[in-house]
Chemist: 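Got a structure for you, questions after.
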Amino acid sequence: MDTQKKVFRSRISIFLTVFTLAIYTLVSIPVIQNMSHVGIFVLGGTLFLLIFLFTGMRYIISGNKLFIKIWFIRTLSVDITDILWVRRSYNPLSSAAASLKRLRISFNKKAKYPYILISPVREQQFLEELKTINPNIVFNVPGKTGMLPIWDWDI
C-alpha cells in the first residue's frame, strides 16, 4: 500500500462566499456607523477567521486514514476502512466544507462518527484514492448538478 500522503483542498463555493459576505456586511454597517472601536476590532477578527476557515480546509489521505485539517489544526481523523458508502449531498449543515456541493461519507457502527460532509476539489481523484484503500465502499456520486445551479459554482 502506498503510504505517501495525498492532500486535497476544499472547494470554495461562490454562492456560500457571497452569502456569508452579504450577512457580514449587513452586520458591519451599524458597527462602522457607530465607530465602535471594539466592534471594528471584533469585525476584523471575524473576517480573518472566515478567511482562515474558507481557505485552509484540507483533506489528507495517509495510509488508511483520512485527516481533516484547517491550516495546521487537525480537526478529525477517520479510518478509511470504516467507510460504508459515499454519496452526493447539498446539506447546508455545518461541516469541514467551504462549498454546498459535498460528499457525505458514512461509516459503520463502530466508527466514532456516523458521517462527515466534505467537498474536495479534485473529487474524482479523491474517490479513486478511497476506492484503492477500501474497495468495499459503495459510491453514489452522480455528475449532475444540484437543484439550484449556483450551488455548483466553485472556485
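Only this structure's heavy atoms are used, side chains among them; waters, hydrogens and symmetry mates stay out. Everything numeric in this text was worked out from a predicted model, so none of it was measured.
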Chemist: If I compare all heavy atoms of N134 with all of I80, which pair ends up nearest, and what's the gap?
Modeler: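 Minimum heavy-atom separation between N134 and I80: ND2-O, 3.1 Å.
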Chemist: Which pairs, with at least one residue in residues 116-126 and sequence neighbours excluded, count as a side chain to side chain donor-acceptor pair (under 3.5 Å)?
Modeler: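 Output for this query lists S10-S119, R11-E123, R88-E123, R122-Q125.
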Chemist: Check whether S89 reaches the backbone of R102 with its side chain - one donor and one acceptor, N or O, closer than 3.5 Å.
Modeler: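 Such a contact is absent between S89 side chain and R102 backbone.
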Chemist: Roughly how far, to the nearest 0.5 Å, is the CD1 atom of I61 from the CD atom of E128?
Modeler: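 It is 11.0 Å, given to the nearest 0.5 Å.
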Chemist: My understanding is that a hydrophobic cluster links ILVMFWY residues whose side chain heavy atoms are under 4.5 Å apart, including indirect links. Using that, what else belongs to the cluster containing L84?
Modeler: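 Under the 4.5 Å side-chain rule, L84 groups with W85, V138.
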Chemist: Distance check, rounded to the nearest 0.5 Å: I83 atom CD1 versus I137 atom CD1?
Modeler: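 It comes to 4.5 Å.
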Chemist: Looking at F67 and S77, what are the two nearest heavy atoms and their distance?
Modeler: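 Taking F67 first and S77 second, the nearest heavy atoms are CE2-OG, 3.3 Å.
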Chemist: Hydrophobic clustering (ILVMFWY, side-chain heavy atoms < 4.5 Å, transitive) - are I60 and L76 grouped together?
Modeler: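 The answer is no; the residues belong to distinct hydrophobic clusters.
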Chemist: Between atom OG1 of T81 and atom CG of L66, what is the distance when rounded to the nearest 0.5 Å?
Modeler: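 It comes to 11.5 Å.
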Chemist: How close do F107 and Y113 get, counting heavy atoms only, and between which atoms?
Modeler: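 Closest pair (atom of F107, atom of Y113, distance): CD1-O, 3.4 Å.
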Chemist: Atom CG in N64, atom CG in L130: separation rounded to 0.5 Å?
Modeler: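 That separation rounds to 11.5 Å.
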Chemist: What is the minimum heavy-atom distance between I133 and G63, and which atoms define it?
Modeler: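 Residues I133 and G63, closest heavy atoms: CD1-O, 3.2 Å.
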Chemist: Just so I know, are the side chains of Y59 and I116 near enough to count as touching, which here means a heavy-atom distance under 4.5 Å?
Modeler: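 Sidechains of I116 and Y59: no contact.
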Chemist: Between atom OG1 of T17 and atom CD1 of I12, what is the distance when rounded to the nearest 0.5 Å?
Modeler: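 Atom-to-atom, T17:OG1 and I12:CD1 are 6.5 Å apart.
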Chemist: Hey, mind stepping through L127 and L103 against side-chain contact (heavy atoms from CB on, under 4.5 Å) and telling me if it holds?
Modeler: CA-CA 10 Å; L127 295 174; L103 297 175; 3.9 Å; yes
Chemist: Please set out all donor-acceptor pairs under 3.5 angstrom arising from side-chain atoms of residues 30-42, sequence neighbours excluded.
Modeler:
from, atom 1, to, atom 2, distance (Å)
N34, ND2, P30, O, 3.2
S36, OG, G39, N, 3.0

Chemist: Give a yes or no answer on whether the side chain of N91 reaches the backbone of L117 with a donor-acceptor pair at less than 3.5 Å.
Modeler: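 It does not hold such a pair.
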Chemist: What is the distance from atom CD1 of I70 to atom CZ of R58, rounded to the nearest 0.5 Å?
Modeler: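 Reported to 0.5 Å precision, the distance equals 10.5 Å.
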Chemist: Quick test of your reading: applying side chain to side chain donor-acceptor pair (under 3.5 Å), list the pairs with at least one residue in residues 20-29, sequence neighbours left out, ordered by first then second residue.
Modeler: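 For residues 20-29, and leaving out neighbouring residues, there are no side chain to side chain donor-acceptor pair (under 3.5 Å) pairs at all.
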Chemist: Which pairs count as ring-ring contact (aromatic ring centres under 6.0 Å, His included) when at least one residue sits in residues 116-141, sequence neighbours excluded?
Modeler: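 Listed once each, the pairs are F8-F126.
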Chemist: Establish whether L26 and L43 are linked, either directly or via other cluster members, by ILVMFWY side-chain heavy-atom contacts under 4.5 Å.
Modeler: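 No.
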Chemist: Same cluster or not: are M57 and L50 linked, directly or through other Ile, Leu, Val, Met, Phe, Trp or Tyr residues, by side-chain heavy atoms under 4.5 angstrom apart?
Modeler: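 No, no single cluster joins them.
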Chemist: By the salt bridge (Lys or Arg N to Asp or Glu O under 4.0 Å) test, which pairs, at least two apart or in different chains, include something from residues 66-79?
Modeler: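 Applying salt bridge (Lys or Arg N to Asp or Glu O under 4.0 Å) to every pair that reaches into residues 66-79, excluding sequence neighbours, yields nothing.
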Chemist: Which heavy-atom pair separates V141 from V86 by the least distance, and what is that distance?
Modeler: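 Closest heavy-atom pair between V141 and V86: CG2-O, 3.8 Å.
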Chemist: For residues L100 and P92, report the shortest heavy-atom separation together with the two atoms involved.
Modeler: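 Nearest pair, atom of L100 first, then P92: CD2-CA, 3.9 Å.
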Chemist: Answer yes if I73 and L49 sit in the same cluster of Ile, Leu, Val, Met, Phe, Trp and Tyr residues linked by side chain heavy atoms under 4.5 Å apart, and no otherwise.
Modeler: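 Yes; tracing contacts between hydrophobic side chains, which count when under 4.5 Å, links both residues.
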